[in-house]
Amino acid sequence: MKTQTIRYAVRSSIALTGLLALAACGGSDSGDATGSGANSTATQSNSSSAPARTLTVFAAASLQKPFEEIGDAFEKAHPGVTVKFSFGGSSGLVAQLQEGAPAHVLATANEATMDKAVADSLISGTPTPFVSNTLQIVVPQDNPAGITGLADLTKSGTKVVLCAPAVPCGAASTSVEKSAGIDIKPVSEEQSVTDVLGKVRSGEADAGLVYVTDVAGAGTEVKGIDFPEAKSAINIYPIAALKSATDAALATEFVSAITGADGQAVLREAGFAAP
Amino acid sequence: MTRANFPRWLLVPAVLGALLVAVPIGAMALTVDWANFGALITSEASRAALWLSLRTAAASTVFCLLLGIPLALVLARTSGTAATLLRSLVLLPLVLPPVVGGIALLQAFGRRGILGHTLDVLGLEIAFSTTAVVIAQTFVAMPFLVLSLEGALRAAGTRYEDVAATLGAGPTTVFTRVTLPLALPGLVSGTILAFARCLGEFGATITFAGSLQGTTRTLPLEIYLQREGDPRAAVALSLVLVAVAVLVIGFTRARPGSLSAGTS
């Protein structure tokens with residue numbers, strides 16, 4: 001804990017020194033100056049700690065539980081390797097990589113986001129689709145509004161929460177509405193699928209559209225209702241090793257662990273379907 | 001800045017401190033897409049968010065005044081354990097993460113909160129409404145007003161109030177004609193700070209009120225959402241909020257001593 005604090009202190013002072021250098025020369029290459037400063041400390045602290053290797057994986061928030069499980073197994077099978085995860089919204093993760101965040105592997109919640117990373121030449125090789133996920137209606141366990149299908153979400157007085165169209169789960173919700181020929185008037189358009197789940201879980205909303213895996217991971221407070229129109233918006237999750245990976249072989253091995261039989265079994269358990 | 005009566009080496013961390021604020025703000029101004037700036041900040045969603053922000057912040061500031069002025073007076077004119085406890089309680093939202101405030105508000109006013117049923121009977125639906133935004137903003141901003149005004153009231157003392165009372169003025173007349181005018185600088189700076197805090201409110205709003213264009217999606221929520229869809233619009237809108245903040249600080253600075261009255 002203490003060394004961690006010192007490391008943060010060292011990194012931020014280097015970033016601040018960058019600021020000072022910037023002030024001295026008044027240049028416009030601010031990002032490079034501070035960025036490289038921070039990176040060099042990161043590698044220093046790694047090399048000084050041990051010959052151990054660290055694998056950093058950027059993955060969509062919905063992958064958290066199964067990926068952590070697969071990561072544990074990967075560490076056991078590769079002595080000396082530490083797997084570090086950064087879970088978050090796919091678009092945000094790609095934005096961080098574009099800003100130069102150091103990582104080995106990227107797994108996104110849809111192909112459009114991965115395409116952005118490919119277009120920016122961040123990816124080594126071609127991404128591999130490894131699972132798919134579909135939308136499900138989520139309602140509180142007691143289902144206060146008596147929802148049975150997608151059409152019920154348009155009933156007046158029903159409080160429905162969706163993802164905003166700008167985020168992947170919202171885009172999926174929009175295409176489901178289109179294919180069903182209905183127009184849901186949500187009381188709130190949330191930033192992420194976990195926010196939608198939270199509003200339903202707390203009982204503030206009567207229903208929401210989330211992924212099957214979110215319902216599976218949410219326990220007994222909520223229940224999921226399948227609906228046929230979900231087929232029109234199947235999200236394919238791709239995974240890829242990154243060009244910036246310092247240990248390309250290890251990155252490829254991790255991708256294989258996800259696409260291999262054991263990894264796939266863990267992902268099925270979490271509710272994901274085959275790609 | 002007229003005479004350097006401080007150790008010269010302190011200039012180094014002082015400059016660093018100033019740069020820590022100046023460089024990111026300057027970088028934002030440099031990277032904004034000026035060619036499309038007008039279009040980015042006048043899109044329908046942006047205008048709806050700005051208008052909602054101004055309306056809710058104004059309403060919340062009025063509520064802060066209605067509730068905060070009496071609170072500040074009570075705190076300034078009482079002492080003892082009870083007063084200390086009350087002050088700590090009122091100032092709590094100042095140090096709480098706003099998300100925590102939002103969760104607390106949900107437990108009280110939410111559909112399944114302890115007051116939810118009563119509100120339901122009264123036909124009041126607060127969740128996902130603009131009312132929820134105003135409640136969240138008032139919750140987080142009121143301490144700024146109370147803190148600022150209480151300081152001013154304490155600094156003004158009770159001498160003039162006592163004189164007015166001996167001359168036959170009733171308690172309410174003393175309050176409106178003597179107490180409030182004396183504390184006016186603190187009241188003004190407190191009001192401006194509270195309004196600014198309302199405009200910037202994010203965590204409690206997104207947790208408690210949700211996010212829907214024109215109803216609950218204020219400017220900070222719109223900026224956060226645009227980060228996903230159109231990062232250029234997010235930068236442009238951020239700059240609008242910076243401009244508003246600069247105006248607010250300008251207002252406070254235009255009244256010399258008004259800020260210090262609040263913190264003395």
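Nothing here was measured: the structure is a model prediction, and the numbers come from that model. We name chains A, B, ... by the order of the sequence lines, and we start the count at 1 in each one. Both backbone and side-chain heavy atoms feed into the values below; hydrogens, waters and symmetry mates do not.
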Practice task
Please say whether more than 12 non-hydrogen atoms of neighbouring residues, nucleotides or ligands are located less than 6.0 Å from NZ in A:Lys178.
Solution key: no
Exercise for the section: Return yes when atom CD of B:Glu125 has more than 12 non-hydrogen atoms of other residues, nucleotides or ligands closer than 6.0 Å, and no otherwise. Expected result: no
Handout entry: Of all pairs that satisfy salt bridge (charged side-chain N to carboxylate O under 4.0 Å, His left out), the ones with a partner from residues 33-59 of chain B, not counting sequence neighbours
Key = B:Asp33-B:Arg232
Handout entry: Which of B:Gly116, B:Ala22, B:Ser211 touches chain A most, by non-hydrogen pairs under 4.5 Å
Key = B:Ser211
Completion exercise
Turns out that what part of B:Gln226 lies under 4.5 Å from chain A's heavy atoms comes down to neither
Completion exercise
Among B:Ile206, B:Leu212, B:Thr215, B:Leu221, the residue with the most heavy-atom pairs under 4.5 Å to chain A is B:Leu212
Practice task
Please state whether the side chain, the backbone, both or neither of B:Arg217 comes within less than 4.5 Å of a heavy atom of chain A.
Solution key: side chain
Exercise for the section: Return the option, out of A:Ala166, A:Gly89, A:Ser188, with the maximum number of heavy-atom pairs under 4.5 Å with chain B. Expected result: A:Ser188
Handout entry: Residue A:Lys65 excluded, over 12 heavy atoms near NZ under 6.0 Å
Key = no
Completion exercise
Bottom line for A:Ala205: the part with an atom under 4.5 Å from chain B's heavy atoms is both
Exercise for the section: Taking heavy atoms only and a threshold strictly under 4.5 Å, list by residue number the residues of residues 89-111 of chain B that touch chain A; give 'none' if the list is empty. Expected result: B:Leu106, B:Gly110, B:Arg111
Exercise for the section: For chain B, find which of A:Pro186, A:Ser90, A:Gly203 contributes the most heavy-atom pairs closer than 4.5 angstrom. Expected result: A:Gly203
Handout entry: Toward chain A, the part of B:Thr207 with a non-hydrogen atom under 4.5 Å
Key = backbone
Practice task
State, to 0.1 Å, how close A:Ser202 and B:Arg112 come at their nearest heavy-atom pair, and which atoms those are.
Solution key: O-CD, 3.8 Å
Exercise for the section: Return each pair, listed once, that meets ring pair (Phe, Tyr, Trp, His ring centres under 6.0 Å) where at least one residue sits in residues 9-66 of chain B; pairs must be two or more places apart or across chains. Expected result: B:Trp34-B:Phe37
Practice task
Return the set of residues passing salt bridge (charged side-chain N to carboxylate O under 4.0 Å, His left out) with A:Glu204 (not counting sequence neighbours), or none when no residue passes.
Solution key: none
